[in-house]
2 protein chains.
Amino acid sequence: METELNDKQLQIMDKALEVFAEKGFDSASVRDIAQRAEVNVAMISYYFGSKEKLLEAIFRNHTGNMRKKIESIIHSKTHDPLEKVDLLIDTYVTVIIENHSFHQLMMREQVLMKEGPLYTLIKDMKTQNRNLIEVAVKAGQKAGLFQKHIDVNMLAVTLIGTVNHFFSNYKFICQERHTKPGKDSDFDAESTEKLRSHIKVMFKAFLTYGISNKK
Amino acid sequence: METELNDKQLQIMDKALEVFAEKGFDSASVRDIAQRAEVNVAMISYYFGSKEKLLEAIFRNHTGNMRKKIESIIHSKTHDPLEKVDLLIDTYVTVIIENHSFHQLMMREQVLMKEGPLYTLIKDMKTQNRNLIEVAVKAGQKAGLFQKHIDVNMLAVTLIGTVNHFFSNYKFICQERHTKPGKDSDFDAESTEKLRSHIKVMFKAFLTYGISNKK
DNA sequence: AAAAATTAATTAAACGTTTGTTTAATTCAA
DNA sequence: TTGAATTAAACAAACGTTTAATTAATTTTT
């Protein structure tokens, strides 16, 4: 099922992702994409079959990459439970920043997504995220550091929901400072650091709620 | 600026919202909408000017209604700070459930939203949500019940992000139970209750972090 | 109150674009 | 010389919007 992609295909996928993220899948025309990627329109059908299958190839590529990143974290056992949770938060924020366009596209399209290949890809990614959090939580509970009444599903919803909403809100926040995302990298760094630390503090408070703090 | 809407206009707006929520703004054709609302296609241009302005009318209508609801909560001073936060959480969840289609539409379109009339409407609503939370937090801090280091902006992001993400994830959750949202109202109620209580517990842990619990 | 005149509502059809995709011819590389 | 890559052109379908004609409702005039 894993077909290798040549340079031209990757180039089209790369530019297509940009256009999809900017205009949304429906409004992004194959002519937009072809122009941006500096290829003939027919090349999209030629290589991918259809616009829809191009989207599918992009999704398959990105979700695959993320899977690898996430798996590498699962198997790092060099941290204590709370550090592991912090690392998880940092990683999730970083992954989204590094794949900003794809994240924006996914955010938009998953709302309407019906059952199908993309649906399955996203669901698997979600399941993996959830399991990753579960491992960290269970470890903390076993060590007696975390409280017992933790709904892992809801904790995942809060982590991912908070990060997602932060980034889809960021342009509104920037506008009040007369800046744009990416234009003031100092403010960008400061803001995402606020996001990181807020989630960490909040999760610590929640996870250790009612646990005596004997240092 | 407040023009009154006749029954036919409201009927079109109502059905259009359904179609927009189902297919997304771009993919929802005026012919879809006209058919669903049982009117001629030309009526949409006739009453609203364009498809885009129809969307604008829908947004103006819903954000206006929400504004009124939210304002009524701001001025209710019958609860203590923690109860007020709980009420806030309940209200936000309820409002989204009651305006499910509009929320779905807004979720999807705000990602790509450029400056313009809709942008302003959404930004104002966000600002109002934030201020509502700020009032509750400040009250709790003044009463010595809440800790001092609370970033209200980030707290708002967590509340709204968690709720939003929960609902955009809900169909994935349902699928594992071989159900669909709205089909099993017991499970729906149970799930949203889990959402509510999770946020409440988490917020309580965070807001009262480090505050001695002298009952 | 009836008739006439005026405005509003509604319709089917047509308009010009744009859409995703295909075709058939041509260029390029092995 | 064979097969892949690339192209410009053509394709039918769908899009949002406009037009011009007709019906319904309202107002004005008799």
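The chains referred to below are lettered A, B, ... by the order of the sequence lines, with proteins before strands, and numbering in each begins at 1. Note that the structure is a prediction, hence the values are computed from the model and not measured.
At a threshold of 4.0 angstrom between heavy atoms, the contacts of B:A28 are confined to the sugar-phosphate backbone, with no base atom among them.
A straight line from CD of A:Q11 to C1' of D:dA5 spans 13 Å, rounded to a whole angstrom. Summarising the geometry, the separation between CG on B:D7 and P on C:dT10 is reported as 11 Å, rounded to the nearest angstrom. The nearest whole Å value for the distance from the NZ atom in B:K23 to the C1' atom in D:dG16 is 15 Å. For B:D32 and D:dA14, the CG to C1' distance is 11 Å, given to the nearest whole Å. A straight line from CD of A:Q35 to P of D:dT7 spans 13 Å, rounded to a whole angstrom. If you measure from atom CZ of B:F25 to atom C1' of D:dC15, you get 12 Å, rounded to the nearest angstrom. The nearest whole Å value for the distance from the CG atom in A:D26 to the P atom in C:dT19 is 12 Å.
Between B:H198 and B:F203, a ring centre-to-centre spacing not shorter than 6.0 Å is recorded. For an aromatic pair to be called close, the ring centres must be under 6.0 Å apart, and B:F20 with B:F102 fails this. Checked against the 6.0 Å centroid threshold, A:H100 and A:Y170 do not count as a close aromatic pair.
The 5' end of DNA chain D is approached more closely, in terms of each residue's nearest nucleotide, by A:A42 than by the other of A:R31 and A:A42.
For the segment residues 43-58 of chain A, residues with any heavy atom less than 4.0 angstrom from an atom of DNA chain D are, sorted by number, A:M43, A:Y46, A:Y47.
A sub-4.0 Å separation between OP1 or OP2 of D:dA8 and a side-chain N or O of A:N40 is present. When the side-chain nitrogen and oxygen atoms of B:K8 are compared with OP1 and OP2 of C:dA8, none of them lie within a distance under 4.0 Å.
No salt bridge links A:D151 with B:R196; every basic N to acidic carboxylate O contact stays at or beyond 4.0 Å.
In this structure, the side chain of A:T127 does not engage the main chain of A:M125 through any donor-acceptor pair within 3.5 Å.
Side chain to side chain, A:Q110 and A:K126 meet the donor-acceptor criterion of an N or O pair below 3.5 Å.
Rounding to the nearest 0.5 Å gives a distance of 4.5 Å between CG of A:L207 and CD1 of A:I150.
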